[in-house]
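Encoded as structure tokens, the structure appears first; notes follow it.
Values below: every heavy atom of this structure, side chains too, minus hydrogens, waters and symmetry copies. Sequence lines set the chain letters: A, B, ... in the order given, protein chains first and strands last, and positions in each chain run from 1.
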Amino acid sequence: MLKIYNSLTKQKESFEPLDQNHIKYYSCGPTVYNRIHIGNARAFICADLLAKVLKGIYPKVTYVSNITDIDDKIIEAAKEEKVSIKDISNKYFNIYLEDLESLGINKPDLQPFATDYINEMIDYIEKLIDSNNAYIHEGNVLFDTTKFKNYGCLSGRNLDEQKAGERVNLETYKRNVNDFTLWKPSNNGEPGWESPWGFGRPGWHLECSVMSELTLNIPFDIHGGGNDLKFPHHDNEIAQTCAYHGSSEPQDFARYWFHNGFLNLDNEKMSKSLGNVVYLEDLLDVYDGNQIRLALLSTHYRQPIPWNKTLLEQAKTVSKKINKFTKDLNLTPKFNVDTLIAQDLLDDLNTPKAIATIQKLIQSPSNNIESELETFQYIFEGSKHKVRLDDNKISEIEKLIKERDIARKNGNYDQADEIRDKLTKMNVIIEDINGKTVWKI
RNA sequence: GGCUGAGUGGCAGAGUGGUUAUGCAGCGGACUGCAACUCCGUUAACAUCGGUUCGAUUCCGUUCUCAGCCUCCA
């Protein structure tokens, strides 16, 4: 039985699916305008982690993750690169897919694109206006947050209290601070679509309400995303969907809300303005996909990860140790429920505990060890990405090692050590095992 | 100001009302030309002040500190 922390009720709960035979799970996907950074990577790994566990215990799981391909950031990127928004979103969507793969993240079962649902969004807005939940102001359509009495129920916000410490300037066209855009006009050559309110484009929050319902129907089991999406994005989704269906119960939309924590650099959030963004592709030049994956899963998904090089190096060490143990075994990665690893994961996805468990098992193997390792591999080792090395570098390394061997045979230990230092500087570690020298990065 | 969440050994990180994980690093040793790898051994912690209890790091409350959100954000 899976236990999972539900952000909506703020407690760990037993997961009771609406239909045992078909689990429905939606997770907010990327806005495709840039290559992904390590923080994004964590979010996608966590989302996938839950999908993997669900698929491990239920016969059918539909995991949907949307692609936001219309958004101000994309418009900006298109302007900068002097191409169309479609070019931008296609380009970065493909990079996103490659990045997922390099980290051993499975592709979601469905990846709906926002721009494929424009008509549906327009219909949705019309109904919200008709039912008096939204209002029009000069080509803008806004959701009236006062119309949904449970507004803010996910993040624990209360409209009256919010006003006290209000940091946002009230846009003149908004009736209430929290009212958000359902549709906004596109001007000056900005991309857009014709609508009853003029040429424009949808607000960001809308797509998830529309696409999750159209792909999964509501209510569905789990809705996930990064912690920062709780407010306003997810609260807005709840408000829209519930208002649309005349409900006041957030669980008429999604039953369990799943949010992952952030990744901190030097005890600070990673952000572009601080210039401390770590891009995944840069790490992939130095670490294997599974090593990065292990580093990202070495902290419980709800906690912040203090990201630094030490963490990666530790993950690398652990990953190698496990690989050494498994390399001669014939294992098929799969989720074996009757393992200690599976039990750790079924308890709110306790990956750090599972990592500790596997290390204990390697120290003193039980007769069930293969089953444990298969489960471990299923969750932690889906990546095939290896650090890339070009042939020139390899032949240079091998040449140096040969020189060192000769020096050692002749008793020229100073020279041998010099060569080893040189290799160390190239990030190459050498090991003399049974008279043979092996090297690794 | 409001809302979340968190404070565990040098670092990372689970967990538990009493026997106090795990890894990395460190230290000692075996191995080695020296290292690395591997193996054996080992040090070390539960923010603060109260309360409950035979007993609390674990439960309750106080204080302090930190992070995230409240504005695009994973």
Report task. Begin from the C-alpha positions of A:Asn368 and A:Ser366 and carry the test side-chain hydrogen bond (donor to acceptor under 3.5 Å, both in side chains) through to its verdict. Result -> CA-CA 5 Å; A:Asn368 198 29; A:Ser366 63; 5.6 Å; no

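When the nucleotides B:A74, B:G33, B:C70 are ranked by their closest atom to the side chain of A:Ala43, B:A74 comes out on top. The side chain of A:Ala356 lies closest to B:U22, out of B:U22, B:A36, B:G15. Residue A:Asn40 places its side chain closer to B:A74 than to any other of B:G33, B:A74, B:A14. Distance from the side chain of A:Pro306 is smallest to B:G13 among B:C37, B:G13, B:G5. Comparing B:A74, B:C34, B:A14 against the side chain of A:Arg408 picks out B:C34 as the nearest. In this structure, of B:A74, B:C69, B:C37, it is B:A74 that holds the atom nearest to the side chain of A:Leu263. Nearest to the side chain of A:Ile429, among B:A74, B:G23, B:A36, sits B:A36. Side-chain atoms of A:Lys360 lie closest to B:A21 of the nucleotides B:A12, B:C40, B:A21. Proximity note for A:Arg404 (side chain, C-beta onward) versus B:A36, B:U38, B:A35: the nearest is B:A35. Considering only the side chain of A:Asn260, B:A74 comes nearest among B:G33, B:A74, B:C70.
The cationic atom of A:Arg175 (NZ for Lys, CZ for Arg) lies less than 6.0 Å from the six-membered ring centre of A:Tyr135 and within 45° of the ring axis. A cation-pi arrangement is found for A:Arg157 relative to A:Phe231, the charged atom lying closer than 6.0 Å to the ring centre and inside a 45° cone about the ring normal. Judged by the 6.0 Å and 45° rule, A:Arg302 forms a cation-pi pair with A:Tyr5.
With both ends at atom P, the span from B:G5 to B:U43 equals 38 Å, rounded to whole Å. B:G10 and B:C59 are spaced 23 Å apart, taking the P atom of each and rounding to whole Å. With both ends at atom P, the span from B:A6 to B:G29 equals 44 Å, rounded to whole Å. With C1' as the reference atom, B:U8 and B:C54 are 26 Å apart, rounded to whole Å. Taking the C1' atom of each, B:C31 and B:G41 are spaced 15 Å apart, rounded to whole Å. As rounded to the nearest Å, B:U16 and B:U58 have C1' atoms that lie 6 Å from one another. Nucleotides B:A25 and B:U20 are separated by 24 Å at their P atoms, to the nearest Å. Comparing B:U42 with B:U22, their P atoms are spaced 11 Å from each other, to the whole Å.
Taking atom NZ on A:Lys320 and atom C1' on B:G23, their separation rounds to 16 Å, with Å as the unit.
A:Pro232 comes within contact range of no nucleotide atom at all, as no heavy-atom separation falls under 4.0 Å. Looking at heavy-atom distances under 4.0 Å, A:His37 makes contact with a base. Residue contacts shown for A:Ile355 are absent, as no nucleic acid heavy atom lies under 4.0 Å away. Nucleic acid contact class of A:Arg420 (heavy atoms, under 4.0 Å, all strands): base. Within 4.0 Å (heavy atoms only), A:Gln303 reaches sugar-phosphate atoms of the nucleic acid but no base atom. Using a 4.0 Å heavy-atom distance criterion, A:Asn350 is classed as a sugar-phosphate-only contact. Contact annotation for A:Tyr5: backbone-only contact, meaning every heavy-atom pair under 4.0 Å involves sugar-phosphate atoms and none involves a base. Heavy atoms of A:Ser298 sit under 4.0 angstrom from primed sugar atoms or phosphate atoms, though from no base atom.
A:Pro250 approaches A:Cys242 most closely through the heavy-atom pair CA-SG, 3.9 Å.
Of the possible polar contacts, one joining the A:Asn6 side chain to the A:Arg255 backbone as a donor-acceptor pair under 3.5 Å is found.
When each of A:Phe262 and A:Lys353 is assigned the nucleotide of RNA chain B bearing its nearest heavy atom, the one mapping closer to the 5' terminus is A:Lys353. Projected onto RNA chain B by closest heavy-atom contact, A:Lys324 and A:His300 fall at different nucleotides, the more 5' of which corresponds to A:His300.
Distance check, rounded to the nearest 0.5 Å: CG of A:Leu142 to CD1 of A:Ile125 gives 10.0 Å.
Side-chain atoms of A:Asp432 and base atoms of B:A35 include a donor and an acceptor less than 3.5 Å apart. In terms of polar N and O atoms assigned as donor or acceptor, the side chain of A:Asp417 comes within less than 3.5 Å of the base of B:G33 in a complementary pairing. Taking 3.5 Å as the limit, the base of B:G23 and the side chain of A:Gln359 contain no donor-acceptor pair of atoms between them.
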